[in-house]
Amino acid sequence: MLTIYNTLIKQKAPFISIKPGKVGLYVCGMTVYDYCHVGHARVMVVFDVVVRYLRSIGYQVTYVRNITDIDDKIIQRAKENGESIEQLTARFIQAMHEDTELLGVLRPDYEPRATEFLPKIIEMVQQLLDNGYAYLANNGDVCYTVSRFNGYGNLSGKRLEELRAGERVEVNEAKQDPLDFVLWKAAKPKEPSWESPWGPGRPGWHIECSAMSTTCLGNHFDIHGGGMDLQFPHHENEIAQSEGATGESFVNVWMHNGFVRINEEKMSKSLGNFFTVREVLKQYPPEVMRYFILTSHYRSSLNYSEQNLETAQQALTRLYTALRGLPQTDQVGADDSFQHRFNLAMEDDFNTPEALAVLFELAREINKIRVPDVFTAAILGNELRQLGDILGLLQTVPEVFLQQGHHQDQVGLAPMEIETLIVQRQAARARKDWSEADRIRLSLKTQGILLEDGDQGTTWRKE
RNA sequence: GGCUGAGUGGCAGAAUGGCUAUGCAGCGGCCUGCAAAGCCGUGGAUGUCGGUUCGAUUCCGGCCUCAGCCUCCA
């Protein structure tokens with residue numbers, strides 16, 4: 001039985017989908033004005049694993065991950081760059097697709113963009129006005145009346161009085177209550193705008209997600225996900241808007257992933273301490289980054305460091321080493337104890353560190369049995385690949401992974417040259433010229449190439 | 001200030017009211033021409049002070065420390 005931690009009730013609970021066998025999942029994607037950083041990568045990878053796992057246990061998942069392509073930051077960045085908003089967002093959407101593809105993140109079933117949903121957004125704002133949850137402020141904005149919505153603060157565990165007591169609530173004279181938030185912003189000169197019953201303007205920050213999610217998945221759907229920082233106010237406001245407009249319950253399960261940290265501090269745009277995905281991928285294979293993300297539970301924080309990526313590389317090397325040189329087979333083993341334990345880990349709120357531990361035990365079993373019984377080892381290898389696939393790992397040809405090396409931009413010897421040296425060294429070994437054999441091995445090692453003499457001859461890999 | 005979460009071996013990171021996580025690193029052995037990889041074995045941990053209990057790292061309470069949210073942020 002799959003259990004998922006639900007932020008709404010602050011505990012794990014058995015997952016029961018609204019429609020049997022089907023899951024509607026919406027994840028807040030990116031605001032596209034810059035490259036993906038490691039924090040974005042974490043959201044993408046974590047929910048990719050959620051989708052893969054749900055599908056692996058038989059659910060038909062409709063996965064929606066939006067793109068926010070209109071907001072203050074985008075407008076500002078486009079202005080700074082002297083390019084149009086369309087050019088800017090197109091560029092970063094393209095970049096995001098490149099990054100996620102490298103990371104092995106499957107495309108969502110729908111990838112709606114805010115600017116494609118203006119009619120729906122306007123309709124929802126009108127519904128909120130009609131239902132008495134919103135008002136037209138004297139500056140032309142349409143604002144949400146937070147105090148009218150029962151249960152505001154349930155998701156983030158905040159109470160209205162506490163929020164009011166906070167010193168950091170923005171002051172805006174047009175709002176009846178400082179906590180009210182903007183649904184529709186009246187256009188300022190030279191800003192992009194759309195026609196609406198309240199004059200030209202553009203959507204507020206939260207409404208686009210309400211519009212996109214309910215359109216793609218219906219007014220009431222199963223799971224909504226995103227980073228912890230979206231819990232408040234973004235998701236809190238989404239609930240207020242959606243339920244206020246539709247009159248229906250919005251989402252059953254809210255999932256929030258933890259942050260990526262650097263030196264015990266949140267990685268974020270505003271702190272400027274972020275690494276972009278493409279920066280990191282210059283140094284490490286994408287699968288290493290993916291593995292690194294999955295080494296901690298999705299709700300925990302994940303500390304970004306070179307050392308942790310190194311360790312990830314080594315760990316993945318161990319798994320690929322077990323897979324290396326196994327004969328091809330389609331056979332499935334009779335013993336499914338590894339599979340069972342893997343599933344126990346995953347159904348416990350997607351416990352990927354525990355699931356990875358099972359993978360290593362499987363690898364040990366393969367290494368143990370491969371000499372006496374290579375056939376059984378091959379079957380176990382299949383299982384390892386299959387389980388790895390649920391995590392989006394281990395789908396590379398082992399030789400390719402092991403020989404691609406550490407740093408992608410590193411120029412080294414061509415494989416042909418390495419093979420030639422290996423042949424020369426074999427000859428030296430055959431005539432017991434150990435010093436020559438060791439010289440070749442050492443000279444390759446200084447170039448990051450490790451030679452390993454095995455039963456089947458000498459193989460090489462990069463350090 | 002309010003609220004939330006966390007503190008596990010050298011590092012990373014799970015789990016658990018009593019029994020071996022796992023990976024990397026260390027140590028010993030096997031294997032190897034020597035290595036590497038692999039296998040076997042091994043050392044080493046639960047912030048702190050109390051409480052509950054036959055027994056707590058695990059449950060409860062205080063304290064300390066850290067992070068996050070309360071403002072744009074995945």
Side-chain angles (χ1 to χ4, degrees), chain A residues 7 10 27-31 34 36-47 65 71-73 76 153 156-159 161-170 179 205 225-234 236 256-261 264-271 274 291-292 294-297 299-303 305 307-319 321-322 324 341 345 348 351-361 363-364 366-371 402 429 432-435 437-438 441-442 445 450-455 458-461 463:
Chain A
T7 309
K10 293 177 181 48
V27 171
C28 287
M30 281 188 76
T31 301
D34 208 339
C36 295
H37 65 235
V38 182
H40 295 113
R42 189 176 193 193
V43 183
M44 304 290 190
V45 169
V46 159
F47 287 100
R65 189 185 63 212
D71 96 319
D72 291 353
K73 298 231 161 145
Q76 191 190 332
S156 54
K158 297 182 188 308
R159 284 173 296 166
E161 313 85 73
E162 284 164 2
L163 288 168
R164 289 212 174 81
E167 300 144 28
R168 305 160 82 182
V169 178
E170 87 184 91
L179 296 182
W205 174 31
M228 292 272 275
D229 44 2
L230 296 182
Q231 224 173 91
F232 188 90
H234 186 56
E236 196 71 63
H256 293 98
N257 65 275
F259 296 122
V260 177
R261 291 202 240 166
E264 299 306 309
E265 203 178 40
K266 177 184 173 184
M267 176 185 287
S268 77
K269 294 268 178 83
S270 41
L271 290 170
F274 62 91
Y291 177 92
F292 161 68
L294 298 177
T295 53
S296 86
H297 182 87
R299 282 187 286 119
S300 305
S301 58
L302 176 67
N303 220 346
S305 73
Q307 203 208 347
N308 289 346
L309 281 163
E310 291 290 338
T311 306
Q313 167 107 10
Q314 284 168 307
L316 212 41
T317 297
R318 177 169 162 79
L319 294 177
T321 303
R324 185 183 214 178
R341 288 173 50 215
D348 180 16
N351 191 336
T352 54
E354 183 84 32
L356 287 172
V358 176
L359 261 40
F360 284 100
E361 284 162 34
R364 169 166 290 123
I366 291 169
N367 289 332
K368 226 189 287 192
I369 209 167
R370 69 189 309 153
V371 171
L402 294 168
R429 292 182 71 209
K432 296 201 179 349
D433 183 353
W434 307 128
S435 68
D438 291 350
R441 186 170 61 194
L442 187 65
K445 184 169 164 40
L450 297 180
L451 297 190
E452 294 170 337
D453 302 326
D455 295 343
T458 299
T459 54
W460 66 274
R461 65 185 170 95
E463 235 176 337

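Naming: A, B, ... by sequence-line order, numbering from 1 per chain. Owing to the predicted nature of the structure, the values given are computational and were not obtained by experimental measurement.
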Side-chain ([X]) to main-chain ([Y]) donor-acceptor, under 3.5 angstrom:
{"X": "A:Arg370", "Y": "A:Ala322", "result": "yes"}
{"X": "A:Arg159", "Y": "A:Gly153", "result": "no"}
{"X": "A:Thr352", "Y": "A:Leu294", "result": "yes"}

Assign [X] to base, sugar-phosphate, or nothing according to its heavy-atom contacts below 4.0 angstrom with the strands shown.
{"X": "A:Leu359", "answer": "nothing"}
{"X": "A:His234", "answer": "nothing"}
{"X": "A:Gly39", "answer": "base"}
{"X": "A:Glu361", "answer": "sugar-phosphate"}
{"X": "A:Asp71", "answer": "nothing"}

Of A:Arg341 and A:Asn303, the one whose nearest nucleotide on RNA chain B sits closer to the 5' end is A:Asn303
Strictly below 4.0 Å: does [X] bring a side-chain N or O up to OP1 or OP2 of [N]?
{"X": "A:Arg261", "N": "B:A67", "result": "no"}
{"X": "A:Asn367", "N": "B:A37", "result": "no"}
{"X": "A:Arg65", "N": "B:A74", "result": "no"}
{"X": "A:Arg318", "N": "B:G38", "result": "yes"}
{"X": "A:Lys266", "N": "B:A74", "result": "no"}

What nucleotide, of B:C34, B:C11, B:A74, holds the atom closest to the side chain of A:Arg441? B:C34
Per A:Asp229 side chain, nearest of listed nucleotides B:C34, B:A21, B:C69: B:C69
Looking at B:C3, does its base get a donor-acceptor pair with the side chain of A:Lys158 below 3.5 Å? no
Donor-acceptor pair (no angle test) under 3.5 Å: A:Asp438 side chain, B:G33 base: yes
Parallel, tilted or perpendicular, judged at 30° and 60°: which one describes the rings of A:Tyr291 and A:Phe360? perpendicular
Could you work out the separation of [N] and [M] based on their [atom1] atoms and round it to a whole Å?
{"N": "B:U58", "M": "B:C24", "atom1": "C1'", "value": "26 Å"}
{"N": "B:C19", "M": "B:G23", "atom1": "C1'", "value": "23 Å"}
{"N": "B:U20", "M": "B:C72", "atom1": "P", "value": "49 Å"}
{"N": "B:G41", "M": "B:U4", "atom1": "P", "value": "46 Å"}
{"N": "B:U42", "M": "B:C64", "atom1": "C1'", "value": "35 Å"}
{"N": "B:C39", "M": "B:U52", "atom1": "P", "value": "47 Å"}
{"N": "B:C66", "M": "B:G50", "atom1": "P", "value": "23 Å"}
{"N": "B:U8", "M": "B:G47", "atom1": "P", "value": "6 Å"}

With both distances kept under 3.5 Å, what pairs with B:G18, Watson-Crick or G-U wobble? B:C54
If we call it a pair only when both distances are under 3.5 Å in a Watson-Crick or G-U wobble match, what pairs with B:G33? none
To the nearest Å, give me how far apart CZ (A:Phe47) and C1' (B:A74) are. 9 Å
What is the distance from CZ of A:Arg299 to C1' of B:G5, rounded to the nearest Å? 10 Å
Would you sort out whether A:Met30 and A:His37 count as a side-chain contact (heavy atoms from CB on, under 4.5 Å), showing the intermediate values? CA-CA 10 Å; A:Met30 281 188 76; A:His37 65 235; over 6 Å; no
What's the separation between atom CG in A:Leu309 and atom CD in A:Gln314, rounded to the nearest 0.5 Å? 11.5 Å
Measure the distance between the ring centre of A:Trp434 and the centre of the six-membered base ring of B:G33, then answer whether it is under 5.5 Å with planes under 30°. yes
